[in-house]
Amino acid sequence: MWSCVLVVATAALTLPQHATSALTLPQHATSALTLPQHATSTLRLNKRATTALNGLEDSPLTKVRAVKDGQVLLPCDMEPPLLNDSTHLVLFYHGDGGTPIYSLDSRSVSLERASHWAEQELGGRAYMRIGRNQRGLLLEKVQLKDEGDYRCRVDFLESPTRNLRIRLEVVVPPGTMTITSNYAPDTRVEGRAGPYPEGAQVILSCQVIGGRPRPQVTWWHEESLLDDVSEVMTGQVTRNALFLTRLTRTDLNKTLTCQAVNSNLSIPLSEAVIIDMMYPPTSVRLVSGSEGQVTLTEGVQRYLTCEARGSRPPARLQWFKNGLPLNHYTQVEVNGEVSRSRLTLTPDSADNGALLTCRGFNPGLPDIVLENTTKLSVFYKPQLELQLGLNLDLDNVEENDDIIFKCIVKSNPSITGVQWAHNGVPLRNNMTQQVQVSRDTLLLKAVTRNSSGTYTCAAANSEGASTSNPLILAVKFPPTCRDGQQTVYGTARHEQLQVPCHVQAYPEPFSFRWAVNTSTGVVDVALNLTRSTGSTSVVSYTPQTHHDFGHLLCWAVNDLGVQHQPCVFQVIPAAKPESVSECRAERNTTMPLTYVVLSCLPGWDGGLNQTFTLEVRQAAKEEVLEAFRHASDPIFIITGLKIGVEYLMTVTAANSRGSSPPLTITYTATAASADKVVSPHSHTSLLTITPFLVLLVGVMAAVSACAGVAVILARRERRRKTNAKIVYDGQLADAHDNHDVHTILCVDKEPEKEDLMRHAGGGGVIGSFYVNPSSTVLNNELPVWRQTYS
């Protein structure tokens, strides 16, 4: 039986001469393998054995696929068909070659202890598996050359030889995959494709190189197959182009996957791209102005916000005012497809009615622009411009001309009316003065010199009030004498007299003429005796004889002509002033008991400026308690008197020629509610005293005292107007209109004076108190005092 098996084996096994040394058998198997003597050097197939191999085409065929560089088991059933049989020899052949590439020799040993042999070209990549679940030749690191048909020959101890065919197919996975877009054909798409504009037609081309068999290239969106048709299949290149028509916003972030697969043995080659898009904003609006108008206040800073929605990437925002770009804005917020910009605006009145535009656009789509325009309403105070009527010239206005002023008003909100003013005094319709006032026009008919001055118009709204620019109206008129100037001058012969002549004229006079009117006639005064400045001319006049006393005449000349009526000044022989008269010491019920008001009527001043002096002393003593000198009017307020003490009050007038006879009255302060003493006669003695003034003692006393003083002075002024005597020609000013009220303190001891001063002044400082020369008592008002300390 062994000889039969051996014959079969001999007929089936042919080894080249050089392979005899490559076949290694276990040492114990040498005696078990008995070859004929002529076969020990060379085993080869004879003609009959070759013919036997040709009958294997109908043997079982098993197809096996393996991935290149992977591993594969070439199955071979080694199980004996008979229960008591055993496997002696397993040989693997590749292709049509008659030389085995692997052998498993288990003769004389168990299969587990069998001897393995592999040809050198396998490089240790093959090993026979003999486990019950896996039997066959295991190939590792499969290569393309491993592909083809294999034959597994199994020799049994008793059963016939078994031949099995295995066909191995080596699969080469796809090599590389590249995705490109028609928007950038030369640039590989990785990760994100785009961004593409809305409505774009996009072609994504997936190109795969390599793969055996040729892979199928497909496009997928999630689990949905989009395209499985490859347009290009040349050489090693397989390409599938996916057409995307009219992208919409819903295509944003859509994931598209290209997949290449040529077997189920390997993971498909795939690459995913995410569609990125860009599209313009769907809306642009002003957050605080959607109603079409924004209300602002002049000079008040305001922040305005513009918002754009629906743009990817977020829209870029720009601001314009009346079509001109603005720069004071910032991109304050970007959130997804929403962008906001904040404009800092400090409006002025010129911005009222301006168009504010917020413009938004996608930076990648600059030609697609959305904008929102809002009208600005700026609240501001009225702006007024005072203009002169047509064909009028302020520099050439004369009396009896008609003048028209126009008030041009701009305001928001509207004004309620226009107020006209002349030198700050409101104007109203006055037909007597021929003044006609309307909302925006002022008409002055037949103007006079009194119409000269500053004219303005004013208006107000909810934002405030404003006054226009002033226009100064200067009405031209010929010279006239100015009122209120001194018209009587006293002097002596050979004594130079300076007589000023003041005139009113516009424009100012450019020359003056002086003349003297005496008993001998009218004679012009030489020009070298006069000097002129503006509207005043002064003549130096020296009477030489008694015939030179008389009247000086003054004329002025300006562009409108010579003064019609001259200014007349009377020059008389100068003398000492006359004594005051009708002196009264009075106190009413509102005044403290220690107060008294002394007032007299002035006499003729002798043709010169005169002043008045008051001296106060006790009747029982010769010393002067207090005095006040150089008073412009003979009106005095005396405080600090003692109850029951008799006082002598002496008033004297004086000018540069000397003093008048004094007038003295006697006054005793009593506890009666009111006192009144009228001078019965004049005394001739004159005392020398020094002035001393003090403030009123206490606020309440001052209020009640001044109220009483005002009443007395008012009655005194009425008395003056009734009994005043005109001594010389010329206008006299009312004494009540402009006189100084002087306060004098009467005490007879220095400690008493200091104590009174301390209480009157708040107990702090001892000093001298002087009456403000301008302080007056008028219409029950309090006098204004000035206090100084020494």
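- The CG atom of Leu137 sits 8.0 Å away from atom CG of Leu73, with the distance rounded to the nearest 0.5 Å.
- In this structure, Gln301 places its CD atom where more than 12 heavy-atom neighbours from other residues, nucleotides or ligands lie under 6.0 Å away.
- By the 4.5 Å heavy-atom criterion applied to side chains, Glu121 and His94 are not counted as neighbours.
- For Lys381 against Asn461, the heavy-atom pair with the smallest separation is CA-OD1, 4.0 Å.
- With Asn240 contributing its side chain and Val229 its backbone, the two residues share a donor-acceptor pair below 3.5 Å.
- For Arg316, the CZ atom counts as loosely surrounded, since its 6.0 Å shell holds 12 or fewer non-hydrogen atoms of other residues, nucleotides or ligands.
- Closest approach of Leu122 and Ala118 over heavy atoms only: CD1-CB, 4.1 Å.
- Looking at heavy atoms from C-beta onward, Asp348 lies out of side-chain contact with Tyr380 at the 4.5 angstrom threshold.
- Contact of the Leu269 side chain with the Pro173 side chain is not registered, since no non-hydrogen atoms from C-beta on lie closer than 4.5 Å.
- Both the sub-6.0 Å distance and the 45° axial angle are not jointly satisfied by Arg153 relative to the ring of Tyr93.
- For the atom pair Leu82 CG and Phe156 CZ, the distance stands at 9.0 Å (nearest 0.5 Å).
- Residue Gly310 comes nearest to Tyr279 through the heavy atom pair O-CD1, 3.2 Å, listed as atom of the first residue, atom of the second, then distance.
- Within a 6.0 Å radius of CG in Asn253, more than 12 heavy atoms belonging to other residues, nucleotides or ligands are found.
- By the 4.5 Å heavy-atom criterion applied to side chains, Thr178 and Ile209 are not counted as neighbours.
- Taken to the nearest 0.5 Å, the OG atom of Ser103 stands 6.0 Å off from the CG atom of Leu91.
- Few gaps surround CD on Glu190; more than 12 heavy atoms of other groups in view lie less than 6.0 Å from it.
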| field | Audit row: Trp319, Leu286, side-chain contact (heavy atoms from CB on, under 4.5 Å) steps and yes/no | value | CA-CA 11 Å; Trp319 294 85; Leu286 200 63; 3.1 Å; yes
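- Heavy-atom neighbours of Arg125 CZ from other residues, nucleotides or ligands within 6.0 Å: above the threshold of 12.
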| message | Run Trp220 and Thr218 through side chain to side chain donor-acceptor pair (under 3.5 Å) and show every step you take. | response | CA-CA 7 Å; Trp220 298 78; Thr218 56; 2.7 Å; yes
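- Counting non-hydrogen atoms of neighbouring residues, nucleotides and ligands closer than 6.0 angstrom, the CG atom of Leu225 exceeds 12 such neighbours.
- A side chain to side chain donor-acceptor pair (under 3.5 Å) with Glu147 is found for exactly one of Arg212, Arg167, Lys68, namely Arg212.
- The only option from Arg135, Arg162, Arg165 that meets the salt bridge (Lys or Arg N to Asp or Glu O under 4.0 Å) definition with Asp77 turns out to be Arg162.
- Proximity of a side-chain donor or acceptor of Ser181 to a complementary backbone N or O of Leu204 within less than 3.5 Å is not detected.
- A heavy-atom distance below 4.5 Å is not found between the side chains of Gln318 and Pro325.
- Shortest non-hydrogen contact noted between Val378 and Pro347 is CG2-CB, 4.0 Å.
- Atom CG of Asn182 is separated from atom CD1 of Ile203 by 4.5 Å, given to the nearest 0.5 angstrom.
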| said: Determine whether Asp276 and Arg312 satisfy the following criterion, side-chain contact (heavy atoms from CB on, under 4.5 Å), listing intermediate values before the conclusion. | reply: CA-CA 9 Å; Asp276 194 5; Arg312 179 180 175 84; 3.2 Å; yes
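- Nearest heavy-atom pair, Pro215 versus Asn262, reported as atom, atom and distance to 0.1 Å: CA-CB, 3.7 Å.
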| field | Glu307 vs Arg285, salt bridge (charged side-chain N to carboxylate O under 4.0 Å, His left out): CA-CA, chis, key distance, verdict | value | CA-CA 6 Å; Glu307 180 183 86; Arg285 70 182 185 94; 3.7 Å; yes
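- Rounded to the nearest 0.5 Å, atoms CG (Asn352) and OG1 (Thr295) are 9.5 Å apart.
- Within the 3.5 Å criterion, the main-chain N or O of Arg151 finds no donor-acceptor partner in the side chain of Asn163.
- Checking each of Thr357, Leu370, Val369 against Val284 for a side chain to side chain contact (heavy atoms under 4.5 Å, CB included) leaves exactly one that passes, namely Leu370.
- Between Cys258 atom SG and Ile179 atom CD1 the span is 5.0 Å, to the nearest 0.5 Å.
- Under the 4.5 Å side-chain criterion, counting only non-hydrogen atoms from C-beta, Ile166 is in contact with Phe92.
- Shortest non-hydrogen contact noted between Ser377 and Asn412 is OG-ND2, 3.2 Å.
- Tested against Ile368 for a side chain to side chain contact (heavy atoms under 4.5 Å, CB included), the candidates Pro281, Ser311, Pro280 yield a single pass: Pro280.
- A donor-acceptor contact closer than 3.5 angstrom is absent between the side chains of Arg340 and Thr305.
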